[in-house]
Every structure is written in structure tokens, then in C-alpha cells.
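A short write-up of the structure that comes next.
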Amino acid sequence: MSDAATGHIRLTSHSGGSGAPPIHWGAPTAAERGPVIGTTTTRADRNVIGTHSGSYGVYRALAVAAGKLSRQHRADLTDTTPTDTVGPFPQWSEPDAIVSLDPWGATVADVFAADLAAGRDIRPTIAVTKAHVIVPEIADAVARGRLVPDGRLLFPSGAALVTKAAIEPVWYLPGVAQRFGCSEADLRRALFEETGGMYPELVTRSDLEVFLPPIGGQTVYIFGTPADLADPRVELTARVHDECNGSDVFGSDICTCRPYLTHAIEECIVGAQNGGVGLVVYSRKEGRALGEVTKFLVYNARKRQEGGDTAEMYFTRTECVAGVQDMRFQELMPDVLQWLGIKKIHRLVSMSDMKYDAITGSGIEVGERVDLPDDLIPADARVEIDAKIAAGYFTPGAVPDADELRKAKGRSLDA
Ligand SMILES: [Zn+2]
């Protein structure tokens with residue numbers, strides 16, 4: 001980006017940054033940890049690689065380029081503080097418990113008030129607010145009498161009261177490398193090269209250990225009292241859900257994503273009404289983190305292959321197009337649960353063995369696993385669910401055998 005006064009490009013790779021406050025990741029207090037500063041206004045204060053807002057940083061660049069946004073704009077944080085307090089919890093400073101978000105990200109206006117007053121541009125990476133969510137399936141559950149409005153958590157209209165938090169990714173590179181079992185140098189090199197050299201500091205500034213990656217974050221929906229999440233005596237119903245725009249938003253019937261999401265919301269509401277607390281974590285990892293273009297290519301390949309759309313070929317067809325079966329890598333997912341102070345999930349609304357393994361591997365106890373009722377599985381999604389169950393997804397029912405997997409159950413493209 002050229003500097004307006006001189007026409008010079010402002011390189012990041014050799015900026016001094018000697019006046020920037022250090023980050024001691026995992027330190028017990030915010031003051032000892034230090035603020036995460038990804039500002040583009042005062043370069044000398046920067047102590048991270050990348051900038052805020054994840055992938056939306058690119059839109060910010062467009063706004064600056066188009067002359068719509070002042071490069072010097074500073075956020076006015078008046079009245080933006082969280083509606084509910086989250087933490088601090090012991091996990092925030094346990095070694096390696098959290099490596100992909102900033103646990104202090106919601107409270108920068110408080111915990112770094114002195115730095116802000118001194119003029120440092122410190123931005124929240126987490127925001128916490130309240131909302132009513134109105135989901136047709138929940139209204140239907142009310143109409144059918146499965147859910148009973150209480151005027152507190154659930155209203156007669158079918159609207160449910162939630163506390164929700166939006167979380168941007170903040171990666172501590174040594175910790176992320178450790179989760180994936182690679183060296184930090186290899187991680188930095190791959191991130192640099194696979195983003196087309198977008199962040200030279202990844203390879204030139206080994207002193208900067210925190211990266212704000214240009215990817216989507218997570219949104220947390222809490223049904224009931226947020227503070228109860230950290231109390232293992234309070235029954236917690238939880239789902240960790242990976243984004244699927246086609247099903248979640250548009251109701252496409254080739255997968256079970258939306259039915260599972262709305263089923264989980266119903267379970268969360270029932271749990272909260274029974275004195276527990278409910279949690280849905282929504283992660284932006286569209287199409288197994290492969291993106292929608294790849295996903296749609298795979299759909300065509302599945303439905304055009306000889307023998308039709310079968311569970312037997314479900315993972316193979318994805319691998320043919322994408323090179324892997326799945327790129328979601330649940331290694332970082334439990335961080336959000338650790339941020340919320342969770343020690344036990346009594347009812348995990350998920351059949352995924354990868355999610356289960358990641359959660360229990362992070363030290364969180366899981367009680368019951370709740371599968372998706374058969375009557376909520378769309379006919380065209382039978383291929384997906386059979387393939388996943390055969391590959392190790394949890395089911396209290398029968399695991400389909402080889403003959404079963406070979407049966408074409410998906411619709412053809414022109415049906
Ligand atoms: Zn889906």
C-alpha cells in the first residue's frame with residue numbers, strides 16, 4: 001500500500017516495532033500477557049503479523065483504496081463492552097490450553113485501559129452481546145408441543161433468548177505448530193508460501209509469534225446463563241458446528257448440517273429449561289474448510305460417477321478433487337471451549353469422532369453423545385451419513401456394511 005505523502009510502499013517485514021509492547025502468551029494476567037496490537041495506523045506499536053477482522057481485512061483495504069475509509073480511523077469503543085462476563089478462567093493461563101484466540105480479546109477496553117488512554121490502537125477480537133434467535137424449526141417444535149415456551153428462555157413466538165459471542169482468530173504460532181505436530185519454521189513457511197507470500201513477516205520476523213490469520217472465526221450461542229458453562233455441576237448440552245452455507249442457510253438437502261444445527265438448538269433450549277445450559281459453537285469452515293467451489297465440484301463428481309452417488313465413494317470423490325477428505329482439522333476447535341471455562345460437556349450433540357477426540361483430548365470430559373434422529377435425515381443426505389458412520393462417526397444404531405455402502409442412495413443431478 002503506498003504512503004500518500006511519499007509514494008513509498010510501507011513494508012511490514014523490516015518495520016522496527018521496538019516500541020511495541022511484548023506479548024507473553026499464556027501469562028496469568030492481561031497486564032503480564034500484554035495487548036495484541038494489529039493496528040495499521042501506528043506501525044511502531046504492532047506486535048503481531050497480519051491485521052484485525054480476519055478475512056474482512058481485505059474489504060477494509062478496498063475501502064481505504066477506494067477512499068471510503070480513513071487509514072487513520074480509530075474505533076470508538078463507547079458502550080461496546082460485553083453484556084456478560086466471560087472468565088478469566090484457569091485455562092486462560094494453562095500452558096497450551098488456548099493457542100488460536102485471545103482470551104482477553106473481549107475486555108481490551110477494561111484490561112488495557114491505560115494503554116488505550118496512552119494512545120495505543122488496541123482492538124477487541126471478541127464481542128459479546130444478547131439476541132433473540134427465531135428459527136422456523138424451533139417455532140415448529142413449539143407448535144407440535146415438543147418445546148414449551150417459558151417466557152424467559154423461550155417465547156411463545158418461538159424466539160429463544162441467547163447470549164452470543166463473535167471471535168476472531170488470534171494464533172500463537174509456536175502453540176499452533178505444536179498442535180499440528182510440525183515445527184514452527186515449517187508452519188511459518190507453509191503459511192507464507194500458500195498465501196502467495198502475503199505475510200513476509202512470517203519468515204522474516206521470528207520475534208513476532210502471534211499471527212492474525214485472514215480466515216473466518218467462530219460464533220458462540222449460549223442458551224441459559226453463560227457463567228454456568230464453567231460449572232461442571234450444571235448440565236451442559238453442546239454442539240460444535242462447522243459452517244455449511246448450502247444447508248444451514250439455504251436448506252439444501254444433500255447433507256445433514258441444518259437438521260443437526262436446529263436439532264442441537266432444540267436440545268440446548270430443553271437443557272437450559274431443565275436447569276442446565278446450552279451452547280452452539282459455529283465455526284466458519286465452509287465445506288470441510290475446502291470452500292464452496294470445491295464442495296460443489298465434489299457434488300457433481302459424486303452424482304455423475306458410474307454407479308451413482310454411493311456412501312462407498314463418498315470420501316474418495318472429495319479426495320479426488322481436494323487432495324484430502326477433510327481440511328477442518330479439529331485441533332484448534334477446543335480453544336473456544338477452554339475460553340468459556342468448560343470442564344465437562346454432559347450431552348455432546350455430535351456424531352463426529354474427530355470433534356469428540358479433539359474435545360476429550362483437550363482435557364474436557366464428555367458424557368453422553370447425542371446422534372441425529374433418523375427422521376431428521378433428508379433422503380439425499382443418506383449417502384453422507386452412511387459414509388460417515390462407516391468411517392467412525394458415533395451411532396447407537398447399526399453400522400452399514402460394505403453391501404449397504406455400495407447402494408446408490410443419492411439423487412441424480414437432473415432428478
Ligand atoms: Zn452440509
Side-chain angles (χ1 to χ4, degrees), residues 55 133 135-138 215-221 238-268 280-305 308-330 333 348-356 358 369-395 400 405 408-413 415:
S55 53
V133 293
V135 178
E137 286 86 341
I138 296 303
I215 60 173
Q218 294 171 306
T219 313
V220 163
Y221 285 84
R239 171 161 179 79
V240 283
H241 186 91
D242 291 329
E243 173 183 30
C244 172
N245 181 271
S247 171
D248 293 345
V249 180
F250 288 95
S252 169
D253 70 347
I254 196 170
C255 56
T256 55
C257 301
R258 182 179 173 96
Y260 224 138
L261 182 61
T262 58
H263 170 61
I265 292 172
E266 184 172 333
E267 292 286 332
C268 284
V280 173
V281 177
Y282 193 90
S283 300
R284 296 319 189 294
K285 292 183 189 173
E286 176 58 53
R288 297 194 201 150
L290 299 167
E292 268 201 323
V293 169
T294 298
K295 182 158 107 170
F296 291 4
L297 295 174
V298 171
Y299 289 162
N300 281 347
R302 278 172 52 188
K303 290 182 177 292
R304 285 180 178 141
Q305 68 189 325
D309 190 12
T310 64
E312 183 187 35
M313 297 299 285
Y314 173 81
F315 287 111
T316 308
R317 292 264 55 105
T318 304
E319 201 166 353
C320 285
V321 178
V324 294
Q325 294 182 356
D326 198 320
M327 234 186 263
R328 282 177 292 178
F329 303 125
Q330 301 295 344
M333 173 271 288
L348 178 64
V349 189
S350 170
M351 294 162 73
S352 165
D353 50 335
M354 288 170 286
K355 290 174 183 170
Y356 175 84
R369 297 167 77 179
V370 182
D371 67 334
L372 183 62
D374 249 18
D375 60 348
L376 291 181
I377 300 170
D380 199 41
R382 198 70 237 178
V383 172
E384 178 210 71
I385 204 87
D386 282 359
K388 286 180 169 178
I389 289 171
Y393 268 50
F394 167 76
T395 178
L405 295 176
K409 291 180 182 169
R411 252 197 334 268
S412 65
L413 279 174

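These values consider heavy atoms only, across backbone and side chains, with no hydrogens, waters or symmetry-generated copies. Counting convention: from 1, in listed order, for ligands and their atoms alike.
A salt bridge does not link Lys285 to Asp326: none of the charged side-chain nitrogens sits closer than 4.0 Å to a carboxylate oxygen. With respect to the salt-bridge test (charged N to carboxylate O, under 4.0 angstrom), the residues Arg382 and Asp253 do not qualify.
Take Arg304 and apply the side-chain hydrogen bond (donor to acceptor under 3.5 Å, both in side chains) test, not counting sequence neighbours, and it matches no residue.
For the atom pair SG of Cys320 and CD of Gln305, the computed distance is 9.0 Å after rounding to the nearest 0.5 Å.
Pairing each heavy atom of Lys295 with each of Cys244, the nearest pair is NZ-SG, 3.1 Å.
If you check the side chains of Arg284 and Thr219, you find a donor sitting under 3.5 Å from an acceptor.
Within the sub-2.8 Å shell of the Zn ion (ligand 1), the protein contributes these N/O/S atoms: Cys244 SG, Cys255 SG, Cys257 SG.
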